[in-house]
Structures are given as structure tokens and as C-alpha cells.
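In what follows, chains carry the letters A, B, and so on, assigned in the order in which the sequence lines appear, proteins first and then strands, with residues in each chain numbered from 1.
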Amino acid sequence: MDRPVRVRYAPSPTGPQHLGGVRTALYNFLFAKKQKGTFIIRIEDTDQTRFVEGAENYMLESLKWCGITHDEGPGVGGNYGPYKQSERKHLYRQYADQLIESGHAYYAFDTPEELDAMRERMKASGIPNPQYGAATRDYMKNSLVLPHDEVKTRLANGEQFVIRMKMPRKEEIKLQDLIRGWVVFQSSQLDDKVLFKSDGMPTYHLANVVDDYLMEITHVIRGEEWLPSAPLHVMLYKCLGWEDVMPHFAHLPLILRPDGNGKLSKRDGDRLGFPVFPLNWTDPETKENSIGFRERGFFPEAFANMIALLGWHPGSVQQELFSMEEMIQLFTIEHIGKSGAKFDFEKAKWFNHEYMKKADSKILATDFKKVLSEKGITDSDEHITAICESLKQRCTFISEFWDNSFYFFTEPTVYDEQIVKKKWNEKTKEIMKELSASLLGQTDFSFSALDTFLHSFVKEKNLNTGDVLPVLRIMLSGTKNGPAVYELASLLGKEKSIERMAKAEAEFDKMISV
RNA sequence: GGAGCGUUGGUCAAGGGGUUAAGACGCUUCCCUUUCACGGAAGAAUCACGGGUUCGAUUCCCGUACGCUCUACCA
């Protein structure tokens with residue numbers, strides 16, 4: 001089968017998509033690009049009762065943010081449209097009818113109450129999982145058991161009905177999953193799934209197969225939760241006569257919660273304090289707000305990289321940091337893992353930090369500038385950029401920048417008491433006075449010049465660095481943490497450095513005296 | 001309950017019949033720096049368990065256990 005590769009991501013707009021959904025989209029995207037194929041987005045909105053306002057747009061925005069772009073689908077069009085199942089409503093019935101004609105499906109008139117009654121009855125007689133299938137369909141109200149005339153009149157009277165798949169009584173259904181190999185199911189274990197609902201809409205199963213066929217999809221890459229219904233889909237291809245163009249299947253492992261067991265959910269994020277959604281999301285019903293990775297400060301590249309490696313690894317390459325382009329080049333379905341991966345927020349942060357370190361300080365500066373201007377602080381681009389250059393070494397998110405650099409923009413008002421009490425005395429006071437004076441004569445305030453200046457000062461005066469550097473640091477910034485002292489002084493500039501030393505001297509005296 | 005899928009260090013994972021079983025995150029210790037971070041070094045796994053097959057199994061087969069998914073006129 002050498003048809004051009006066409007894959008799709010087919011979410012249903014029932015809420016904000018989370019990590020798992022983005023990853024499914026990403027894998028589809030990577031595969032399509034690697035194979036020089038087409039990546040399609042199709043909206044599966046066949047259940048109007050679960051429709052959530054804004055969910056579709058949210059999904060589109062999320063993928064855009066991650067750098068996952070589609071070739072066909074909402075917003076971009078394509079030759080296989082429309083790409084929203086609600087707009088394709090008219091297409092499905094004919095295929096359901098075709099299945100009825102060929103004897104693979106049938107009308108069922110059972111009411112929900114009757115269905116419940118059947119299940120109760122079966123349970124009472126010792127069957128724990130009653131199914132509408134080979135064992136029970138003969139006792140239900142459907143076109144298999146009702147006289148033809150009655151079926152006709154019921155239909156003619158506009159009575160409510162569904163169309164169900166007639167699962168063969170005893171048949172082996174095999175499918176070759178690209179990730180898991182051959183998977184075998186017995187049709188006797190499968191039930192007569194509803195294909196066409198009484199509201200005139202198809203169910204996922206029918207719509208999915210019909211659309212994949214019509215859109216000439218070659219590979220279905222979706223979550224593992226679909227594996228149990230895959231045999232139904234295979235049957236559908238067979239019964240519709242499309243077996244020769246049936247797509248390949250690849251069922252992705254799930255993303256699990258970091259602690260304990262089970263699928264990652266919004267609850268876990270709330271409980272453990274990390275996002276599970278790519279973007280901020282406000283529930284239109286409850287107005288409840290959920291933070292997104294973007295708003296938490298993640299770079300889209302870091303997020304995509306991190307999410308891709310949750311279940312996939314190119315193998316022999318010893319590397320974890322990949323650009324989208326690299327991932328496309330390296331992507332193969334064979335290298336997708338079989339088992340679920342627990343999401344680890346610490347690792348996610350590590351990815352961001354790595355991207356932070358590699359980020360262009362000029363770009364970081366433009367973002368940090370916004371934070372500064374909110375605080376009423378203005379400064380030159382060059383200076384902010386230089387500070388960012390230092391900051392990106394120790395910060396994972398831009399949101400941490402201010403706490404690690406406020407002393408460059410505002411004069412210190414509090415000084416680390418421990419250090420002052422420990423280091424401040426007549427001797428150090430004298431030293432710092434000398435240092436201040438000699439700093440005044442220092443013209444070159446570059447990193448390297450100050451570095452050598454400071455060290456030679458210590459050496460010439462026969463001092464210990466411990467008597468000079470920590471004190472100078474506190475004088476300049478007030479805090480004991482931060483970049484190297486020469487860097488600190490350099491970024492502050494000569495004038496401010498000397499000013500602050502003078503001010504600190506007086507403050508230190510006060511602190512010591514009490 | 002049933003069906004399907006899965007199980008390599010706390011986590012992500014490479015590998016695959018014979019190896020000292022990669023690497024990363026996190027953790028601990030050390031070096032660098034009298035700071036934080038960065039960087040460097042080191043430490044920690046009888047490859048879930050039990051049987052086979054084999055000269056040899058973490059790798060192949062079969063069980064068991066555990067976990068997950070599905071079991072709707074939801075996707």
C-alpha cells in the first residue's frame with residue numbers, strides 16, 4: 001500500500017484538551033511531516049449533549065502555540081471537507097443503510113428503559129456484563145426479530161430507532177497494531193454497538209470509519225483507550241467493502257499521573273500544583289480557572305519537546321533536547337513505547353530550564369521588560385539584556401526573573417543579617433573603604449576587568465577573599481545569592497556600586513550596634 | 001466479572017539470548033565558586049514473580065501477580 005500518507009487528529013470539543021491530546025496531535029504531526037504526508041484536524045462533534053463552548057477554539061490555539069500546524073481542517077480548509085462531523089451529518093446515513101442492506105446492521109427500537117430492564121434481567125440471571133449482542137438481540141425489539149411489516153410501519157410512523165452493528169456470532173478479528181503487533185479479538189466478546197443514534201447522528205464508530213475512508217486516511221494514530229473498539233472498526237471496514245484501504249492502526253500508551261496509578265487528570269494537576277492543560281482554560285459553566293503550561297511560563301518548544309519524549313524516544317541517539325525539525329527527522333512509530341508514562345513535572349521544568357539557557361537574551365529581555373514596566377521600572381535594552389544573560393543561568397521561568405534581579409533595579413533596603421553580623425567589623429569596614437576608593441579609580445568595569453581587579457585587590461592587601469567578596473555582595477545587593485560578585489558590580493555600574501557601598505556602610509553599622 | 005493492553009533504578013528511558021544493563025530527571029556526596037545557579041565527578045537496578053526453551057535468559061514461550069484501558073443512543 002503506497003498511498004500518500006494522510007493522518008488525522010480527531011478531538012471532540014467536550015472540554016479543554018490536555019497533555020495526552022496534544023501529544024496525540026504531535027505524534028500525528030511528526031509522522032505526517034516525516035513521511036511527507038498530510039496532517040488533518042477533524043472535529044468529532046457528534047454528541048451535541050456534551051458540546052462545550054470554546055473547546056474547539058482552545059484546541060486549535062493550543063496546537064498553534066506548540067507549533068503543530070495542520071494542512072487540512074478548521075481554519076485552513078482542504079479538498080476533503082467539511083472537517084467538522086456535525087457539518088457532515090448528511091453523509092453517514094447512507095453507509096448505515098448500506099450495512100442494513102448487506103445484513104451487517106439492523107434497526108433497534110428499544111427504549112432506554114427497555115435496555116435497562118434487559119440489563120437488570122441478565123444481571124439477575126448471573127451475567128455480570130450484559131451486552132446487546134448475539135446472546136440477547138433475539139429477545140429485543142429490533143428488525144431482526146420483528147415482522148417486516150411492523151418494522152416498516154414503525155419506521156413510517158417516525159418512531160425512534162437506532163442502527164446497530166450485527167456482530168458475527170463467532171469470528172476471529174485480527175488487527176496489526178503498529179505499536180503492539182497482532183492483536184486478536186473474538187467477535188463473541190463484542191456487542192452490537194450503536195452506529196447511528198436516534199437523534200440522526202452517527203456514533204463515533206461509524207463517523208470515524210466513514211470519515212477516515214472518505215478522507216483517505218492511511219494511518220490512525222490515537223490513544224490506547226480506543227484499542228478495545230478497534231475490532232469493531234475493522235469489522236466496519238470489512239462490511240463496508242473498504243478492507244483494501246483500511247488504515248494502519250497505532251494505539252498510543254496513556255500518560256499517567258505522577259503518583260499512584262491511573263490516567264493523568266486535571267485533579268492531579270490541582271493537587272500536585274502543576275498544569276495539565278497547554279493553555280489557560282476557564283470552564284464556561286463553573287467559571288473555574290485552570291492554569292496552562294503557557295501561562296505557567298513554559299516555552300512552546302520546551303513543552304513540545306517534553307511531551308514528545310513522554311512515550312517516544314528515537315533510540316540510539318543519546319540526546320533529549322530536540323527541535324521540532326529534529327523530531328520530524330527522527331520520528332518513527334516503531335520507537336513509540338508500549339507502556340504508559342508517568343508525567344513528571346520536575347523533568348518538565350528541567351526541559352524549560354534547558355531552553356531558557358539556550359534562549360536569546362534579547363528576546364528574554366523584551367519579555368522581562370514587560371514585567372519591569374508593570375513595576376514602573378524602565379531601563380535600557382542593553383542593560384536588561386545583559387541582566388537576562390546572567391539570569392537565564394539560574395531561572396527556569398521568566399516569572400522568576402524579578403526575584404533574582406530586583407537589586408539591579410531598586411536599591412537594597414534589607415541586608416542579609418547573618419552575613420552582616422558575621423562579617424562586619426572595624427577591619428572589614430576599613431577594607432571596604434579602601435576598596436571603594438580604589439574602585440573609584442577603576443575605569444574598566446567589564447566582567448573580566450573587575451574579576452581580576454577584585455582578586456588582585458585581595459592579594460595586594462594580603463586579605464582573604466572571604467573577608468571581601470561576601471561583604472561586597474551584601475553591600476551591593478542585600479542578598480547572599482546571585483551572580484558572581486564581579487558580574488554583580490559590573491552590571492550595576494561604577495557609580496551605583498560606590499553609592500551602595502557608602503549607604504551599606506552606614507546601614508551595617510546600625511545593624512551591628514543594636 | 002469479561003476482553004484487550006502493559007510491567008528495565010523513585011521517574012522518563014536505551015538495549016536486546018552471552019554487556020561492567022546506556023543516558024536523562026530527581027536525590028545524596030564531592031570538585032569548581034567562600035553565594036545561588038551553571039559546569040564537572042561519583043553513588044544507588046540480582047531488567048515484577050514462577051516455570052519452561054537453551055550450553056546460557058533481562059531479552060523467546062507459558063503461567064501468576066500487579067497495573068491500566070474498555071465494557072453508554074460518550075468520544
Trainee: Heavy atoms only, 4.0 Å cut-off, all strands: where does A:Val184 land among base, sugar-phosphate and nothing?
Mentor: sugar-phosphate
Trainee: Just wondering, more than 12 heavy atoms not from A:Arg271 lying within 6.0 Å of its CZ?
Mentor: yes
Trainee: Which residue, A:Ser339 or A:Gln186, contacts RNA chain B at a nucleotide closer to its 5' end, judged by nearest heavy atom?
Mentor: A:Gln186
Trainee: Tell me what A:Gly311 touches on the nucleic acid: a base, only sugar-phosphate, or nothing, going by heavy atoms under 4.0 Å.
Mentor: sugar-phosphate
Trainee: With sugar-phosphate meaning primed atoms plus P, OP1 and OP2, does A:Ile419 contact a base, only sugar-phosphate, or nothing at under 4.0 Å between heavy atoms?
Mentor: nothing
Trainee: Given the P atoms of B:C70 and B:A75, what is the spacing between them in whole Å?
Mentor: 14 Å
Trainee: Over 60° means perpendicular and under 30° means parallel, so tell me whether A:Trp402 and A:Phe409 are parallel, tilted or perpendicular.
Mentor: parallel
Trainee: I'd like the P distance from B:C25 over to B:U20, given in whole Å.
Mentor: 26 Å
Trainee: Can you measure A:Arg257 atom CZ to B:C12 atom P for me and round it to whole angstrom units?
Mentor: 14 Å
Trainee: Are there over 12 heavy-atom neighbours, none belonging to A:Lys357, within less than 6.0 Å of that residue's NZ?
Mentor: yes
Trainee: Is the ring pair A:Phe277/A:His18 parallel, tilted or perpendicular, if the boundaries are 30 and 60 degrees?
Mentor: perpendicular
Trainee: Check the distance between B:C25's P and A:His313's NE2 and give it to me in whole angstrom.
Mentor: 12 Å
Trainee: Output yes when A:Asp212 and A:Arg8 qualify as a salt bridge under the 4.0 Å nitrogen-oxygen rule, no when they do not.
Mentor: yes
Trainee: Start with the C-alpha gap between A:Phe345 and A:Leu272, add the side-chain angles, then the distance that decides, and say whether side chain to side chain contact (heavy atoms under 4.5 Å, CB included) holds.
Mentor: CA-CA 9 Å; A:Phe345 191 57; A:Leu272 273 9; over 6 Å; no
Trainee: Would you say A:Glu53 has more than 12 foreign heavy atoms packed within less than 6.0 Å of its CD?
Mentor: no
Trainee: Answer with base, sugar-phosphate or nothing: what part of the nucleic acid does A:Gln189 contact at a heavy-atom distance below 4.0 Å?
Mentor: sugar-phosphate
Trainee: Could you work out the separation of B:U19 and B:A24 based on their P atoms and round it to a whole Å?
Mentor: 23 Å
Trainee: Is the terminal nitrogen or CZ of A:Arg164 (NZ for Lys, CZ for Arg) located under 6.0 angstrom from the six-membered ring centre of A:Tyr132 and within 45° of that ring's axis?
Mentor: yes
Trainee: Quick one, give me the B/S/- string for nucleotides 62-75 of chain B, reading 5' to 3', where B means a protein heavy atom under 4.0 Å from the base and S means that only happens at the primed atoms, P, OP1 or OP2.
Mentor: -----SSSSS-BBB
Trainee: Report yes if some heavy atom in the side chain of A:Asp192 is under 4.5 Å from a heavy atom in the side chain of A:Arg137; otherwise report no.
Mentor: yes
Trainee: Got a minute to check which stems RNA chain B is part of, using Watson-Crick or G-U wobble pairs under 3.5 Å, three or more consecutive?
Mentor: B:1-7 with B:65-71, B:10-12 with B:23-25, B:27-31 with B:39-43, B:48-52 with B:60-64
Trainee: Rounding to an integer number of Å, can you tell me how far A:Phe345 CZ sits from B:C12 P?
Mentor: 17 Å
Trainee: Rounded to the nearest angstrom, tell me the gap between atom NZ in A:Lys338 and atom P in B:A13.
Mentor: 13 Å
Trainee: Assign a letter to each nucleotide of nucleotides 29-38 of chain B from its 5' end: B, base within under 4.0 Å of a protein heavy atom; S, sugar-phosphate only; -, no contact.
Mentor: -----BBBSS
Trainee: Does A:Arg42 make a cation-pi contact with A:Tyr83, if we ask for NZ or CZ under 6.0 Å from the ring centre and within 45° of the axis?
Mentor: no
Trainee: Find the distance A:Glu334:CD to B:G15:C1' and express it as a whole number of Å.
Mentor: 17 Å
Trainee: Taking atom P in both B:U58 and B:U53, what distance in whole Å separates the two?
Mentor: 15 Å
Trainee: Provide the distance between the two C1' atoms, one in B:A21 and one in B:A14, to the nearest whole Å.
Mentor: 10 Å
Trainee: Write down the distance separating the P atoms in B:G15 and B:C62, rounded off to the nearest Å.
Mentor: 23 Å
Trainee: Measure from CZ on A:Phe351 to P on B:U11 and round the result to the nearest Å.
Mentor: 17 Å
Trainee: Using the ring of each side chain (for Trp, its six-membered ring), is A:Phe161 parallel, tilted or perpendicular to A:Tyr107, with breaks at 30° and 60°?
Mentor: perpendicular
Trainee: Between atom CD in A:Glu346 and atom C1' in B:U11, what is the gap in whole Å?
Mentor: 11 Å
Trainee: Over all strands shown, is A:Phe343 touching base, sugar-phosphate only, or nothing at heavy-atom distances under 4.0 angstrom?
Mentor: nothing
Trainee: Taking NZ, NE, NH1 and NH2 as the nitrogens, is one of them in A:Glu44 or A:Lys84 under 4.0 Å from a carboxylate oxygen of the other?
Mentor: no
Trainee: Grab the CZ-C1' distance between A:Arg222 and B:C5 for me, whole Å please.
Mentor: 14 Å
Trainee: Checking A:Ser361 against A:Lys392: is there a side-chain donor and acceptor pair closer than 3.5 Å?
Mentor: yes
Trainee: Taking atom P in both B:G9 and B:A22, compute the distance separating them and give it to the nearest angstrom.
Mentor: 14 Å
Trainee: When rounded to the nearest Å, what value does the distance between P atoms of B:G56 and B:G18 take?
Mentor: 14 Å
